[in-house]
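Before any comments, here is the structure.
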Protein chains: 2
Amino acid sequence: MNSRRRELDKIDRNILRVLQEEGRISFTELGERVGLSTTPCTERVRRLEREGVITGYYARLDPQFLKANLLVFVEISLSYKSGDIFEEFRRAALRLPNVLECHLVSGDFDYLIKARISEMASYRKLLGSTLLTLPHVRESKSYIVMEEVKETLSLPVPD
Amino acid sequence: MNSRRRELDKIDRNILRVLQEEGRISFTELGERVGLSTTPCTERVRRLEREGVITGYYARLDPQFLKANLLVFVEISLSYKSGDIFEEFRRAALRLPNVLECHLVSGDFDYLIKARISEMASYRKLLGSTLLTLPHVRESKSYIVMEEVKETLSLPVPD
DNA sequence: AGTGAAACCTATACAGG
DNA sequence: CCTGTATAGGTTTCACT
């Protein structure tokens, strides 16, 4: 999956730039955009998928319509720091569908979690009935997002 | 764009569940999955797009291949808290391509930023030459991600 | 709101430079 | 690694239910 790869050329990089923003574009139109006919364009995309540069295609939904209009970040400290406990926590976090992101960080706390929940269910419920059911949580601190200035997946593709 | 909408029915919700995970699926196959022929399936998807439930389709790229293998969260406090200063900060953050997310939060600091940068360029450069060039930053605190346990866009679609 | 069929466009495979 | 062509498959429109 992660075969050794030579450098991405200019055309590859343009393909990636377009697909990051228009994930459903046809290979015919994508080819026109990057100056290629359909055949080699499709082949390049398949190769980028095979090599793991493109990891998938996703529709994005507006949380407003899905009872998930409250965005919260939670900093979590675990009570003990053995490998087993981290592993147990990891697995539990993966199973919570409201948790969009979970990262092990270095610094004042252990995990940073990003979750989307409904305003109604009030975020105390997330904390009380889900996040704090995560194993070995010693302490948590949460931050409610007042305004989402920017949220993208698009990585800058270097020249 | 955000027309008033009646509830999403069971088929709509299944369409959304599939498209969140397989953004390039054909409408023919999507129809089969949700028990519909191609025509009404396409029409429902177009309607969900028009109404703003589906906001776009995106390819996801592996940061490893794009010199962006270091993930960092930065908490930022502004020096003054007038509306102009928030607006100025907002606009500057939007222009930085390495900043994937920027949120105004309530709590101990003002903005939480998520950025991806190269390990080489070391993250001091992000801080020194980009983030701290953001206007009116009084203080910042950053957290380097050691392990990405989970990172998804997929929202749970309620029944 | 749905089906099914026809016309059109896109994708895939393959011959050739 | 590209172009061009043929065939298969997907999309769009429309008449009908």
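First the proteins, then the strands, lettered A, B, ... as listed; each starts at 1. This one's a predicted model, so the numbers in the text were calculated from it and none came from an experiment.
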Handout entry: Closest-nucleotide 5' rank along DNA chain D - winner of B/T42 and A/G35
Key =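 It is A/G35, whose closest nucleotide lies nearer the 5' terminus.
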
Over how many whole Å does the gap from [X] atom [atom1] to [N] atom [atom2] extend?
X     : N      : atom1 : atom2 : result
A/I25 : C/dC9  : CD1   : P     : 17 Å
B/I11 : C/dA1  : CD1   : P     : 10 Å
A/E43 : D/dT3  : CD    : P     : 11 Å
A/R47 : D/dC2  : CZ    : C1'   : 14 Å
B/R44 : C/dT3  : CZ    : P     : 10 Å
A/R24 : C/dT10 : CZ    : P     : 13 Å
B/L36 : C/dG4  : CG    : P     : 12 Å
A/L48 : D/dC1  : CG    : C1'   : 15 Å

Is the shortest side-chain N to carboxylate O distance from [X] to [Y] below 4.0 Å?
X      : Y      : value
A/K67  : B/D159 : no
B/E151 : B/K114 : yes
B/E21  : B/R33  : no
B/D12  : B/R47  : yes

Exercise for the section: For C/dT3, take OP1 and OP2 only and decide whether either is under 4.0 Å from a side-chain N or O of B/S37. Expected result: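 For C/dT3, OP1/OP2 do have a side-chain N/O of B/S37 under 4.0 Å.
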
Practice task
Would you please confirm or rule out a distance under 4.0 Å between OP1 or OP2 of D/dT11 and any side-chain N or O of B/R46?
Solution key: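 No, no such contact exists.
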
Problem - Polar side-chain contact A/T39-D/dG4 base: donor and acceptor under 3.5 Å - result: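 Check passes, donor-acceptor contact within cut-off.
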
Problem - No-H, no-angle donor-acceptor pair, B/T28 side chain to D/dG9 base, under 3.5 Å - result: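 Flag unset: no donor-acceptor pair detected.
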
Handout entry: Near-ring test A/H103/B/F73, centroid separation under 6.0 angstrom
Key =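 Yes, close enough.
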
Exercise for the section: Could you check which of C/dA11, D/dC14, D/dC2 has an atom nearest any side-chain atom of A/F27? Expected result: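 Shortest atom-to-atom distance from the side chain points to C/dA11.
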
Exercise for the section: Scan B/S26 against the nucleic acid and name what it touches under 4.0 Å (heavy atoms): base, sugar-phosphate only, or nothing. Expected result: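 Sugar-phosphate contact only.
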
